[in-house]
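One-based numbering, in listed order, for ligands and for the atoms of each. Not measured: the values here are computed from a predicted model.
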Amino acid sequence: MKVLDSELLKGYARMAMDGFNQGWHERNGGNLSYRLKAEEVDLLKDDFDFSGDWQEIGWQKNDESAFPGLAGEFFMVSGSGKYFRNIELDPAANVCIIQLNEEGNRFKKVWGLVNGGRPTSELPTHLANLEVLKNRDENIRVVYHCHPTNTVALTYVLPLDERVFTREIYEMATECPIVFPEGIGIVPWMLCGGKLIGDATSEIMKTKDVAVWAHHGAFCCGYDFDLTFGLMHTVEKAAEILVKVRSMTDTKVNTITPEQFRELNAPFGVNINEKFLYERHTFKIGEMPQD
Ligand code: 2HA
Ligand code: ZN
């Protein structure tokens, strides 16, 4: 089957357009990767071209990266410098499929980017995350990076502390702790596009589905495009509510209590991490826990 006719590419392009329509992908902002299933490789491999060269994964100086846990696997990834708003219109020019070599330290483009180009500048972070996630749960295949406005805005006014950030987001919408019971991890400002930020992000992905990059954007993961987009949408919706609340006041009058959060566990079959259910002393937004 042609990649262009596949459900996989349609799902990928739809997610890219959904993210663009949310306003999370100005210019060439954001990137999306997907680790192909064996049956998807079988279905599409006649459309792959294996004649290209093996290329280095890292593009920054002294940035040798290896992902042996992903050796030989295939990934659909967005192109460096490409615009999400063009993906649905012309996927073959803006997206590619790459394969990693047997050492997991070089990639080969086997499909797409027909007008030239490289995979996303954030390839080291995508692969670092996908490797950790495969280890955590082999069904996690999607890693998504975007620039969600309200989530980024909050990184200027909330302490860059995962407990405070997660708790403030949790209090903005009851569904949040059900959708991401392990909370949100925070990466302080770091140079993007390299191995260091990839390592910091994948450390978070060992246990969590969401990592916020301060003053930049967010990464999230999931089994499929619906779940991954839905996760980012849920975080960003709660962030938007918090921006509205914080614009009215720095102190809430009412909120959801730790006891109420715990009531969600049994009926929704989740186990909300107790780390985020600390006792608050005031309802002041951004208050640090006093332990
Ligand atoms: O240009 O978002 O982080 C793509 C990015 C880099
Ligand atoms: Zn970015």
Side-chain angles (χ1 to χ4, degrees), residues 12-13 15-34 55-61 63 65 67 75-91 93-98 107 109 112-113 115-130 132-133 142-156 160 165 184-205 208-222 225 228-229 231-233 235-236 239:
Y12 184 103
M15 174 150 172
M17 207 56 199
D18 284 346
F20 174 74
N21 287 332
Q22 290 295 323
W24 302 342
H25 297 281
E26 72 290 340
R27 205 172 181 277
N28 61 321
N31 20 80
L32 175 61
S33 62
Y34 174 86
Q55 304 179 47
E56 289 189 15
I57 292 165
W59 56 277
Q60 291 179 0
K61 251 189 164 170
D63 206 5
S65 307
F67 307 96
F75 307 86
M76 183 172 279
V77 293
S78 44
S80 177
K82 305 297 184 194
Y83 290 28
F84 264 48
R85 65 187 283 263
N86 292 333
I87 285 181
E88 198 169 43
L89 202 65
D90 193 355
N94 294 289
V95 175
C96 60
I97 297 177
I98 59 170
F107 74 87
K109 185 193 81 176
L113 288 176
N115 301 325
R118 274 182 60 87
T120 168
S121 61
E122 303 293 358
L123 189 61
T125 298
H126 279 267
L127 294 175
N129 286 336
L130 286 161
V132 158
L133 291 163
V142 184
V143 169
Y144 178 48
H145 169 60
C146 62
H147 300 166
T149 313
N150 295 284
T151 304
V152 175
L154 290 176
T155 66
Y156 293 91
L160 299 178
F165 207 96
I184 298 171
I186 310 285
V187 179
W189 190 93
M190 290 172 75
L191 178 63
C192 52
K195 179 172 159 38
L196 281 181
I197 198 166
D199 289 345
T201 312
S202 61
E203 195 54 40
I204 291 171
M205 292 281 172
K208 299 183 192 330
D209 295 341
V210 190
V212 167
W213 282 6
H215 324 321
H216 181 140
F219 265 85
C220 63
C221 68
F225 297 124
T228 310
F229 182 79
L231 171 57
M232 193 63 247
H233 208 186
V235 172
E236 173 61 4

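- What sits closest to atom 1 (O) of ligand 1 on the protein, heavy atoms only, is Asn28 O, 3.1 Å.
- Close contacts between ligand 1 and Asn31 involve ligand atoms 2 (O), 4 (C), 5 (C) [criterion: under 4.0 Å to a heavy atom].
- Donor-acceptor pairing under 3.5 Å is lacking for the side chains of His147 and His25.
- For ligand 1, the atoms lying closer than 4.0 Å to a non-hydrogen atom of Gly30 are 2 (O), 4 (C), 5 (C).
- By the 4.5 Å heavy-atom criterion applied to side chains, Trp59 and Leu123 are not counted as neighbours.
- Counting heavy atoms from C-beta on, the side chains of Val77 and Cys96 come closer than 4.5 Å.
- Between Asn31 and the options Lys82, His145, His126, a side-chain hydrogen bond (donor to acceptor under 3.5 Å, both in side chains) holds for only His126.
- Centred on the Zn ion (ligand 2), the NE2 atom of His145 and the NE2 atom of His216 lie at an angle of 100°, reported to 10°.
- Of all protein heavy atoms, the one lying nearest to atom 3 (O) of ligand 1 is Glu122 OE2, 2.5 Å.
- Using a 4.5 Å cut-off on side-chain heavy atoms (C-beta onward), Trp24 and Phe84 make no contact.
- Not a single heavy atom of Arg27 sits less than 4.0 Å from an atom of ligand 1.
- Using a 4.5 Å cut-off on side-chain heavy atoms (C-beta onward), Cys221 and Asp209 make contact.
- For ligand 1, the polar-atom distance check against Gly29 finds no nitrogen or oxygen pair separated by under 3.5 Å.
- Checked by distance only, ligand 1 and Ser121 stay at 3.5 Å or farther apart across all their nitrogen or oxygen atoms.
- The proximity of Thr120 to ligand 1, defined as any non-hydrogen pair under 4.0 Å, does not occur for either the backbone or the side chain.
- Using modelled atom types, one finds a donor on one side chain and an acceptor on the other under 3.5 Å when comparing Thr201 with Trp213.
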